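No hydrogens, no waters, no symmetry mates; every other heavy atom, side chains included, goes into these values. Residue numbers start from 1 in every chain, and the chains themselves are labelled A, B, ... in the order their sequence lines are given, proteins ahead of strands. Keep in mind that this is a model prediction, so the values were computed, not measured.
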Amino acid sequence: MTSTETRHDVLLTVNGVPHRLNLPARRLLSDCLRHDLKLTGTHVGCEHGVCGACTVLIDGKPTRSCLVLAVALDGQEITTVEGLTNPDGSLGCVQQALLECHGLQCGFCTPGFMTTIEAGLKQQPAPTDDEAREMVAGNLCRCTGYQNIVGAVHRAAELKRDSR
Amino acid sequence: MKPAPFNYVRADSIEQAVEALAGSSDGKVLAGGQSLIPLLSMRLAGPSLLVDINGIAGLDEVRADSDGVHLGALARHADVLANTAAREVQPLVAAALSHVGHATIRNRGTTVGSLVHADASAEMPLILLLLAGSLDVVGPRGRRTIPAESLYIGPLESSLEHDEVAVEAFFPALPPMTGIAFEEVARRQGDYALCGVGAVVEVDGGHVRSARAGFMSVHDVPVVAELTEHLAGMSLSTQEGRVVLEAAVEHAMGALDPAADVHASEAYRAHLARVLAKRVVAAAFSDATHRAATRPAVGSEA
Ligand SMILES: Cc1cc2nc3c(=O)[nH]c(=O)nc-3n(C[C@H](O)[C@H](O)[C@H](O)COP(=O)(O)OP(=O)(O)OC[C@H]3O[C@@H](n4cnc5c(N)ncnc54)[C@H](O)[C@@H]3O)c2cc1C
Ligand code: FES
Ligand code: FES
């Protein structure tokens, strides 16, 4: 079946780099990023939208990459966790904050939290504690516990303000 | 798991989408994909064709006028929730939408998609039914308006034909002297609810003129109970009013057949439905009295 499957041309700009791809329609964005583009920072946990590990930004909006078809995103901009590092390769504000606040243990959930927080702080640059909790409410972490992650939201906001 | 292979058409117009659907016996529309893609990945659905409507221009409109709120098929939950004019014209839409999944799901999922998907545990089908709204669909036989009362025919089953595309939903405006409330109980914030209840109450001089309550996640379709005959003329803020409300809710429970699943027993669901209904109808009554006091003039709420 796979060998005869129709493939579609699609242009995806991922972390600022344009990629021309030729993909079967059923390729999930999460699999496209990991298998076709070798960007394995995006993690896949549940593959049905519940855990949030696969969250990436599509045109700046947090979206489950396991719940979109890559071919449906022709011409759109995608940001993955790899895109959150500074141009010189050092950790971006959100990454630095998670590190400083011990906001990760195994790190499986972390890429999804980071992309979500990156977009969340654009909308709410100085979140209250409730807003910080709400920001990460759609992401599951099985080991760290959420206190340090919520702490990292505040720390990232601080780092972003300082870096301005 | 991964989806099985399917053909994929990205439609540029509604006509093209309808034509593609009409040419296949089991084609499905792909809107936000937040319900459909999980079904494909779990292989609970295996259509031979997906017709992607995300490229159709002009379908993402959220429009509020004195009649009510009009939502195009590509209006994402998040866009509807953020629209302040829509919230003013019909506050029940936003009150319920804030319970639909998490922000990340609402960024992509469409409100019209949720209406068509017809999940009995989804908020928006109940709200459309409770407000007596409607859904406009286009098929090879032209455009038609489906009233909410004939839209929901079974679990995950709406009365659209397989070759019809839903293009616009309509939620009527909140009339003057009328209040709303919505509440649900879920195991975790953002999850599908174990039970949810919405209410619309109209008052006249501090007394109920009409009242209806709607239940989701209790039955295999959303259910609306008319409470006017029990509550008309009552003030629900008095002890007597609360006794009458209790009896009215008991009567409404007669039309419900709460189902058991892994998350809740029949008895627990019935308990939730009772408790929430009393709370929500009383809250809609105070909302109505409050609105009547702050905007007593006859006219549009908008
Ligand atoms: C983790 C998670 C939590 C969620 N929690 C909730 C919740 O608490 N409450 C809730 O209500 N929903 C919830 N959802 C579902 C979400 O609201 C979906 O967005 C919605 O049910 C479907 O909208 P969609 O645009 O994603 O539709 P799709 O997934 O694209 O389509 C769903 C179905 O409707 C059909 N369809 C869609 N649009 C049209 C159209 N215009 N014309 C004809 N047919 C159409 C499709 O063919 C398909 O059969 C959740 C989803 C996830 C992944
Ligand atoms: S892998 Fe996408 S939400 Fe869990
Ligand atoms: S750090 Fe292990 S799941 Fe979050």
Side-chain angles (χ1 to χ4, degrees), chain A residues 1-10 23-31 35 44 46-76 112-113 115-117 119-120 123-124 131 133-140, chain B residues 1-12 27-56 74 76-79 81-82 98-110 113 186-192:
Chain A
M1 193 87 195
T2 322
S3 56
T4 59
E5 222 176 317
T6 313
R7 298 173 82 93
H8 303 258
D9 287 325
V10 49
L23 302 170
R26 60 173 166 151
R27 180 83 88 240
L28 302 172
L29 175 61
S30 45
D31 291 336
H35 302 179
V44 173
C46 65
E47 224 165 45
H48 56 263
V50 175
C51 74
C54 70
T55 307
V56 300
L57 308 184
I58 299 179
D59 291 340
K61 287 190 183 148
T63 309
R64 302 291 199 237
S65 62
C66 72
L67 296 189
V68 276
L69 303 177
V71 295
L73 300 175
D74 190 33
Q76 293 191 262
F113 274 97
T115 47
T116 305
I117 297 169
Q123 284 198 332
Q124 292 166 319
E131 286 165 348
R133 269 167 212 283
E134 180 65 28
M135 199 182 286
V136 295
N139 293 64
L140 299 179
Chain B
M1 289 219 303
K2 310 294 175 193
F6 49 79
N7 292 315
Y8 171 83
V9 171
R10 190 172 167 90
D12 294 324
K28 283 232 162 258
V29 168
L30 173 66
Q34 305 297 285
S35 294
L36 184 53
I37 307 243
L39 292 176
L40 298 178
S41 287
M42 291 186 260
R43 302 217 172 177
L44 293 171
S48 61
L49 170 73
L50 283 198
V51 180
D52 185 350
I53 60 169
N54 286 275
I56 303 179
L74 289 176
R76 314 284 167 179
H77 296 311
D79 299 330
L81 196 51
S98 63
H99 293 274
V100 174
H102 294 283
T104 306
I105 303 301
R106 295 195 296 263
N107 280 342
R108 184 103 192 146
T110 66
R187 297 184 75 218
R188 284 167 301 266
Q189 185 236 27
D191 276 14
Y192 279 105

Quiz prompt | Pair listing, salt bridge (Lys or Arg N to Asp or Glu O under 4.0 Å) test, anchored in residues 29-52 of chain B, at least two apart | solution = B:R10-B:D52
Quiz prompt | Check: B:N107 side chain, A:T63 main-chain N or O, donor-acceptor pair, under 3.5 Å | solution = no
Exercise. Find the one option among B:M42, B:K2, B:R188, B:R106 whose heavy-atom pairs under 4.5 Å with chain A are most numerous.
Key: B:K2
Can you tell if the side chain of [X] reaches within under 4.5 Å of the side chain of [Y], non-hydrogen atoms only?
{"X": "B:L36", "Y": "A:L67", "result": "no"}
{"X": "A:L28", "Y": "B:P3", "result": "yes"}
{"X": "A:V68", "Y": "B:I37", "result": "no"}
{"X": "A:E134", "Y": "B:Q189", "result": "yes"}
{"X": "B:F6", "Y": "A:L69", "result": "yes"}

Might you point out which heavy atoms bring [X] and [Y] nearest each other, and give the distance in Å?
{"X": "A:A72", "Y": "B:Y8", "result": "CA-OH, 3.4 Å"}
{"X": "A:A137", "Y": "B:H102", "result": "O-CE1, 3.2 Å"}
{"X": "A:E47", "Y": "B:M1", "result": "OE1-O, 2.8 Å"}

Engaged part of [X] at the chain A interface, taking heavy atoms whose separation is under 4.5 Å:
{"X": "B:T104", "answer": "both"}
{"X": "B:L50", "answer": "side chain"}
{"X": "B:A4", "answer": "backbone"}

Practice problem: Would you mind telling me which of A:K61, A:M135, A:R27 has the largest number of heavy-atom pairs within less than 4.5 Å of chain B? | Solution: A:K61
Quiz item: Who among A:G52, A:P62, A:C46, A:G138 has the most heavy-atom pairs with chain B under 4.5 Å?
Solution: A:P62
Self-check item: Partners passing side chain to side chain contact (heavy atoms under 4.5 Å, CB included) against A:T115 (at least two apart in sequence or in another chain)
Solution: A:T55, A:L57, A:L84
Heavy-atom proximity to chain B below 4.5 Å, by part of [X]:
{"X": "A:V71", "answer": "both"}
{"X": "A:C66", "answer": "backbone"}
{"X": "A:D31", "answer": "side chain"}

Self-check item: B:N7 side, atom CG; A:H8 side, atom NE2 - distance, nearest 0.5 Å
Solution: 7.5 Å
Quiz item: Step by step, would you call B:L40 with A:R26 a side chain to side chain contact (heavy atoms under 4.5 Å, CB included)?
Solution: CA-CA 9 Å; B:L40 298 178; A:R26 60 173 166 151; over 6 Å; no
Quiz item: Would you say A:E131 has more than 12 foreign heavy atoms packed within less than 6.0 Å of its CD?
Solution: yes
